[in-house]
Protein chains: 2
Amino acid sequence: MPHRKKSNINITPVQLAPEFQFALSVDCVIFGYDRGVLKVLLIESDLPSFKGQWSLLGDLMHPDENLDQASHRILRERTGLKDMFLEQVKTFSSIDRHPAGRVITTAYFALVNVRDYQLKKLDHNLHWHVVSDIQSLAFDHKEILDQSLEALRKKIQEGPIIFNLLEKKFSMRDLQNVFEQILGVSMDRRNFRKKIFSTGLLKDEEEMEKQVNHRPGKLYSFNYETYEQLKKKSSSDFRF
Amino acid sequence: MPHRKKSNINITPVQLAPEFQFALSVDCVIFGYDRGVLKVLLIESDLPSFKGQWSLLGDLMHPDENLDQASHRILRERTGLKDMFLEQVKTFSSIDRHPAGRVITTAYFALVNVRDYQLKKLDHNLHWHVVSDIQSLAFDHKEILDQSLEALRKKIQEGPIIFNLLEKKFSMRDLQNVFEQILGVSMDRRNFRKKIFSTGLLKDEEEMEKQVNHRPGKLYSFNYETYEQLKKKSSSDFRF
DNA sequence: ACAAAAGTGTTGCTGGTACACCCATGT
DNA sequence: ACATGGGTGTACCAGCAACACTTTTGT
C-alpha cells in the first residue's frame, strides 16, 4: 500500500469550465475513547495560512472511488485500521472554506478503539485531543467537529454503535462513561444498568477487570448475533 | 430571472486532472401534502437512457454558490417559491450513478404547501406523484427519495417542520393525516389531540372548515413566536 | 333520517427517575 | 483500616395506549 503524504489538500489553480471548478474531499472525524475521556484524532496543519493549527484527517476523493470508499481509504492509510465504523455526516460547501480554491468536503465520523489504533500507529504527526478542550481548528473543521459530535449523539441512541469505541470486553462503568462523555450528562448507575440489561443484548463474559485499585467489575460483550435476529423480527426501529 | 432549461445534467467530456473530474449537483426531493396524500414533485427525464422515466429536480451547482444556495435556486427557478424549508439529506457518489460521467449529487428535501405552489406554476413538465405509488425513478433517484423520506420521518419528530406542508390555518384532521402519511402509521385521534395541545403551541383561529359534508372542524395555526421563546428557555432539545 | 367526521375523559400500563446500603479489592 | 468504585431493589410519577358515545353539519 502506498503511503500517501500527510499534507493537507493542495490545489494547483487551472483554467476550467465552471462546472469543473470544484475539488471534492473527505474529512474524517475520528473519535476514540481513552481511559474515561472522549478524544478525536487530529493532524498538524502544514498549510501556511493555518500554521500551527490542528485539522481533521482528510484527502481528495479519487476518481475511481465513491465517498464511502474514500473515507475508508483515509482511515486505512493514516491509522492502518480496516473495517472501521464510518458514517457520513454532512457535506460542507462554503465558497471560502478553503484558501486554495473551491473545495467541497464531505464529513464522516469514525469510531475507533484506541487500543487497536495504538498497535498500528503509523504517523507521529497525529495526536489524540480531548474533544471538550478543543476551541478552534483549521479551516471550518471546528464546525465540522461540532456537527459530527451532534450526529454521534443522535446515532448512539438509535443503534448499538457505541461498542465500536470499546474493546470487545468492557466493564459496565466504561460503557456508562462513554455515554456520559458523548452526551455530556451524568446518569444514575442503577438505572443505567437496568436499562442496558433489559435489552438482553449483553453477554456476561464471566471475567473480571484486573489491576484496578478497587473492587473489580464484571466484563461484558455486546451480542451482535442476538441483535441481528431481534432487528429482523421487530421490523420497527430499535431504540437502544 | 433567467429561466434555465429544464433538461437534466449534460456534461461535455473534457480531459482534466483527476482531482477535477467531478461535477457537483443538487437534487431536491420536494414533498407536498395534497388533500390527504403525501406527494413528491417530479420532472420527466429527457436523457435518452432514462426516456419516459421520472426524476427529481436537480441542477449543477454554480461556482459562486454553496449547496444551500443552489438548492434554493433550483426551487425558485422551477416552482417560483422562495424561502422554502430545505434541508440537506446526504451526498450520493456512486461511480456509475450518472451515465454522462462522474456526477456527485447532494440531496435536499423541501416541504412545500401545495396550494402556494399552484399559484405559481411555471413548468408543465412537472407533476406531483403519490409517494407510496412510486416504484422506480431515473438514475439513483428512487434511493435518494427513500432516504429523504426516512430523514423526513426523523425530522418531523424532532421539530415543528411539518407545518411547512400545511396552509397557515389547518384542521386537526389534516395535521394528524400528514403525520400518518409520512410515518406510515395510524394514530388514535384522542391521544393525538391531547399530545399536540399539550405542547401549548397551537393557536385557535376561532374559525371553522367550510364546505365539508360533515361536521366542520376548528382551524388552528402554529405559534412560532411561542416556540422560539420555548426553545431559548429549555436549552435541551425539544421533542415535538 | 342518515352518513361522516368532530369533539371529549378515564383507566391501566410501562418506562423513567430518585434514592442508600453493603461488598470486594488494592494500598 | 481506609479509599474506591461494584453491585443491588423499591417507590413514585409521567407519559403513552386503549377505548365509546354524543354533536354538528350536508345530503
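Proteins get letters first, then strands, A, B, ... in listed order; numbering begins at 1 in each. Small disclaimer: the values here were computed from a predicted structure and weren't measured. Quick note: numbers below take in every heavy atom, side chains included, and nothing from hydrogens, waters or symmetry partners.
Every residue meeting the salt bridge (charged side-chain N to carboxylate O under 4.0 Å, His left out) condition with Arg97(B), not counting sequence neighbours, appears here in chain and number order: Asp27(B), Asp140(B). Evaluation of the side chain to side chain contact (heavy atoms under 4.5 Å, CB included) rule for Val130(B) yields Val37(B), Lys39(B), Ser132(B), Asp133(B) as partners, not counting sequence neighbours. Qualifying salt bridge (charged side-chain N to carboxylate O under 4.0 Å, His left out) partners for Asp68(B), counting only residues two or more places apart in sequence or in other chains: none.
In this structure, Ser221(A) OG and Leu201(A) CG are separated by 10.5 Å, a value rounded to the nearest 0.5 Å.
Panel note: side chain Arg153(B), backbone Ile182(B); a donor-acceptor pair is recorded below 3.5 Å. In this structure, the side chain of Ser45(A) does not engage the main chain of Ser55(A) through any donor-acceptor pair within 3.5 Å. Gln176(B) places a side-chain N or O within 3.5 Å of a backbone atom of Met187(B) that can act as its donor or acceptor partner.
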Item to complete: Sugar-phosphate atoms are those with a prime plus P, OP1 and OP2; base atoms are the rest. Using that split, label each nucleotide of nucleotides 10-18 of chain C B, S or - for protein heavy atoms under 4.0 Å, 5' to 3'.
Response: B------BB

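Heavy-atom minimum distance, Leu152(A) versus Phe109(A): CD1-CE1, 3.7 Å.
You can see that DNA chain D meets the heavy atoms of chain B within a 4.0 Å-exclusive cut from dA17(D) to dG26(D), reading 5' to 3'.
Atom-to-atom, CE of Met208(B) to C1' of dA6(C) comes out at 9 Å; the value is rounded to the nearest Å.
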Could you write out each protein N or O paired with an N or O of nucleotides 3-5 of chain C at a distance under 3.5 Å?
none

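Of the two residues contacting DNA chain D, namely Lys218(A) and Pro216(B), the nearest-nucleotide position lying further toward the 5' end is that of Lys218(A).
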Practice prompt. Go through Ile162(A) and Phe179(A) one step at a time and tell me if the side chain to side chain contact (heavy atoms under 4.5 Å, CB included) criterion holds.
Written response: CA-CA 8 Å; Ile162(A) 201 165; Phe179(A) 269 107; 3.7 Å; yes

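The closest side-chain donor-acceptor pair between Asn113(B) and Tyr33(B), if any, does not fall under 3.5 angstrom.
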